[in-house]
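Remember, it's a predicted structure, so these values are computed and weren't measured experimentally.
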Amino acid sequence: MQVLQPLRYPRMWFGTGLFLLGLGLYVALQPSTPFIPVAINDKLLHAGSFMAFMVWFGGVFEARRAPLLVLALVGYGVLIEVLQSFTPTRQAEFMDVVADVTGVLLGWLLCTAGFARWCRTVESWFASPHP
């Protein structure tokens, strides 16, 4: 049973996505967010990040896996909040999870509108021309 889209480099895309999730977790557990030099509304940052995660993985996994991706990314957002509750400088916020869910659902909407083809499109840019 096929889980990933038929891509030239599906493991690379998946691995890069996992790296991005790891980077997101690392940043979320830092005392401050040094990677963001401008002031951005925290909830917009959550929604935008989770929208990007959903579009990323929507381009790697088959469309029929989208409901599982939604659940996995919502679980990832909840995990971040739980882990933040154990840090001395961060706190868990229910509204962060709401923003995460909003971002995931917006990402799913973008995927159904055609953004799930992003990975195949990028790969086609580097494909060798057929004679």
Side-chain angles (χ1 to χ4, degrees):
M1 180 179 338
Q2 187 74 16
V3 174
L4 301 178
Q5 289 193 34
L7 302 165
R8 291 181 84 177
Y9 307 105
R11 289 184 178 155
M12 181 204 63
W13 294 115
F14 179 68
T16 303
L18 290 179
F19 172 79
L20 293 172
L21 289 175
L23 183 61
L25 179 62
Y26 172 78
V27 170
L29 297 178
Q30 293 305 301
S32 64
T33 311
F35 301 110
I36 303 169
V38 296
I40 298 176
N41 180 296
D42 177 59
K43 304 312 176 246
L44 289 177
L45 183 61
H46 277 264
S49 298
F50 277 78
M51 180 180 69
F53 289 144
M54 184 64 199
V55 170
W56 182 278
F57 286 105
V60 176
F61 285 88
E62 288 194 331
R64 65 189 169 142
R65 303 292 181 181
L68 292 175
L69 285 174
V70 168
L71 291 175
L73 288 172
V74 169
Y76 169 74
V78 170
L79 174 67
I80 287 174
E81 296 306 314
V82 168
L83 292 175
Q84 283 182 341
S85 73
F86 293 110
T87 66
T89 58
R90 295 287 188 137
Q91 61 186 17
E93 292 184 37
F94 175 75
M95 290 310 292
D96 285 351
V97 174
V98 171
D100 297 345
V101 170
T102 301
V104 169
L105 294 177
L106 286 173
W108 191 5
L109 183 63
L110 288 173
C111 286
T112 61
F115 279 73
R117 290 188 295 271
W118 75 266
C119 200
R120 282 181 274 164
T121 301
V122 170
E123 285 190 348
S124 74
W125 296 340
F126 301 103
S128 60
H130 292 55

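One N or O on the side chain of Arg90 and one on the backbone of Gln30 form a donor-acceptor pair closer than 3.5 Å. Here the side chain of Gln5 pairs a donor or acceptor atom with the backbone of Gly58 at under 3.5 angstrom.
Placement of Phe94 and Phe86 in two distinct hydrophobic clusters is found when ILVMFWY residues are connected by side-chain heavy-atom separations under 4.5 Å, directly or transitively. Neither Ile80 nor Leu71 shares a network with the other; the hydrophobic side chains, linked directly or stepwise wherever heavy atoms of I, L, V, M, F, W or Y lie under 4.5 Å apart, form separate groups for each. In the hydrophobic clustering of ILVMFWY residues, with side-chain heavy atoms under 4.5 Å counting as a link, Leu109 and Leu105 come out apart. Cluster annotation: Val60 and Met12 are assigned to the same hydrophobic cluster (Ile/Leu/Val/Met/Phe/Trp/Tyr, side-chain heavy-atom contacts under 4.5 Å, transitive). By the rule that hydrophobic residues join a cluster once side-chain heavy atoms approach within less than 4.5 Å of another member, Leu110 and Leu68 end up as members of separate clusters.
Between Trp56 atom CH2 and Leu69 atom CG the span is 13.5 Å, to the nearest 0.5 Å. Atoms CZ and CG, on Arg11 and Leu18 in that order, are 13.0 Å from each other to the nearest 0.5 Å. Atom-to-atom distance recorded for Ser49:OG and Leu21:CG is 10.5 Å, nearest 0.5 angstrom.
Counting only heavy atoms from C-beta outward, the side chains of Trp108 and Pro67 approach each other to under 4.5 Å. At a threshold of 4.5 Å between non-hydrogen side-chain atoms, the residues Phe50 and Val101 do not count as touching. For the pair Leu73 and Asp100, the minimum side-chain heavy-atom distance is 4.5 Å or more. By the 4.5 Å heavy-atom criterion applied to side chains, Thr102 and Leu106 are counted as neighbours. Counting heavy atoms from C-beta outward, Met51 and Val104 have side chains that stay 4.5 Å or more apart.
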Could you check Glu62 against Val3 for side chain to side chain contact (heavy atoms under 4.5 Å, CB included), going step by step and ending with a plain yes or no? CA-CA 6 Å; Glu62 288 194 331; Val3 174; over 6 Å; no
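Of all non-hydrogen atoms in Leu83 and Leu25, the two that sit nearest each other are CD1-CD1, 3.8 Å. Residues Cys119 and Gly59 share a closest heavy-atom pair of CB-O, 3.2 Å. Minimum heavy-atom separation, Trp118 to Val55: NE1-O, 2.9 Å. Residues Lys43 and Ala99 come closest through the heavy atom pair O-CB, 3.5 Å. Shown here for Glu81 and Glu93, the closest heavy-atom pair between the two residues is OE1-N, 2.9 Å. Taking both residues in full, the closest heavy atoms of Ser85 and Ala92 are given as CB-CB, 4.0 Å, listed atom of the first, atom of the second, then distance.
A donor and an acceptor atom, one from each side chain of Trp13 and Glu123, are located under 3.5 Å apart.
Under the ring pair (Phe, Tyr, Trp, His ring centres under 6.0 Å) criterion, Phe61 pairs with Phe14, sequence neighbours left out.
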